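Comments concern the structure below.
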Amino acid sequence: MVYFALFFECKRINIIGMKVINTIKDLKAALSAYRTAGKKVGLVPTMGALHAGHASLVKRSVQDNDVTVVSDFVNPTQFNDKNDLVNYPHQLDADIKLLESCGATFLFAPSVEEMYPEPDTRHFSYPPIDTVMEGARRPGHFNGVCQIVSKLFMAVEPDKAYFGEKDFQQVAVIRAMVKDLKLGIEIVSCPIIREDGGLALSSRNQLLSPEERSNALNISKTLFQSRDYAASHTVADTQKFVEERIYLAEGLRLEYFEIVDGNSLQKIADWKDTSFAVGCITVFSGKIRLIDNIKYKE
Ligand code: PAF
């Protein structure tokens, strides 16, 4: 019976492509036949406004798993700045086309009421990983990320979940949450995808004016130059190198640049302090807040 249901489900998917689902109940029902048949399920959580960076996560999940669920939900609890939430780009029709071309099985696009039928009062705290850098500047942000990602994990129960390394700290926080809650989900982090000029792909890039976009190219350019510079200079000198270049660049305002241990996210003083050194940066180009990072040692 289960195999018949699964066969029928696969046939239907082949005929009509990816299925869009809006409720947790329907999602669980759609996944249950696959699960009973021992199929591997991959989850790619997103907030929509998809680009080639998301596509790389979806393609990786399609490669690794039998079923790929992509969630598209702009999560209000992770926005500490309400203007940012209001201005967040939406493009569901274009997202659906992109996901179909990548081979996703299900698009889960719930409403706010579906994900938060009542306020989520859970509090997630993983210091120091969630208290430095983005955690220090965006109060409540990672708590909101953990709230929604844990709900998505409960709804989908994936074997693996895929996240982009552009949000380097987010991946570390989610790994800490998975360990804390003993969820047994493998977190797969995928490399940053960049535009031709080097700008890290982000849904926020579409909010940049042509001038802001061109100015923003200096972020990745500086990070790449700093990687060469770091090979023969101290951590403090490399820090200064990046700060000065962003300070001098047209139209950019540095919020922070930190060179940290890639696991603990604590600042390092010497390259010898770690075998995994990452430089994490947040810069405003005009009013648009952009993040990026570079690995100095891995
Ligand atoms: O990285 C994002 O797009 C979001 O933070 C995530 C992981 C989908 C949670 O809303």
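Order of listing sets the numbers, starting from 1, for every ligand and every atom in it. The structure displayed is predicted, hence computed values, not measured ones.
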Check your understanding: Which atom names give the shortest non-hydrogen contact between Val132 and Gln266, and what distance separates them?
Key -> CG1-NE2, 3.8 Å

Practice item. Assess whether atom CD of Gln206 is packed by more than 12 heavy atoms of other residues, nucleotides or ligands within 6.0 Å. Key: yes

Practice item. Flag Gln78 as yes when one of its N or O atoms lies below 3.5 Å from any N or O atom of ligand 1, and as no otherwise. Key: yes

Check your understanding: Would you call Lys151-Glu114 a salt bridge at under 4.0 Å N-O?
Key -> no

Review point. What atoms in ligand 1 come closer than 4.0 Å to a heavy atom of Pro45?
Key: 8 (C)

**Study point:** Lys28/Glu157 ion pair, N-O < 4.0 Å
**Key:** yes

Study note, to complete from the structure: Note: ligand 1 atoms sitting under 4.0 Å from heavy atoms of Thr46 are 8 (C)

Exercise for review: Provide, to 0.1 Å, the distance between atom 2 (C) of ligand 1 and the closest protein heavy atom, together with that atom's residue and name.
Suggested key: Gln170 NE2, 3.8 Å

Review point. Can you check salt bridge (Lys or Arg N to Asp or Glu O under 4.0 Å) on Asp292 and Arg194, steps first, answer last?
Key: CA-CA 10 Å; Asp292 201 345; Arg194 298 181 181 279; 2.9 Å; yes

Review point. Has Lys82 got more than 12 heavy atoms of other residues, nucleotides or ligands less than 6.0 Å from its NZ?
Key: yes

Point to revise | Ile148 neighbourhood, listing ligand 1 atoms whose heavy-atom distance to it stays under 4.0 Å | key: 9 (C), 10 (O)

Study note, to complete from the structure: Numbered in order shown, the ligand 1 atoms found under 4.0 Å of a heavy atom of Met47 are 3 (O), 4 (C), 8 (C), 10 (O)

Check your understanding: So which bit of Ile174 gets within less than 4.0 Å of ligand 1, heavy atoms only: side chain, backbone, both or neither?
Key -> neither

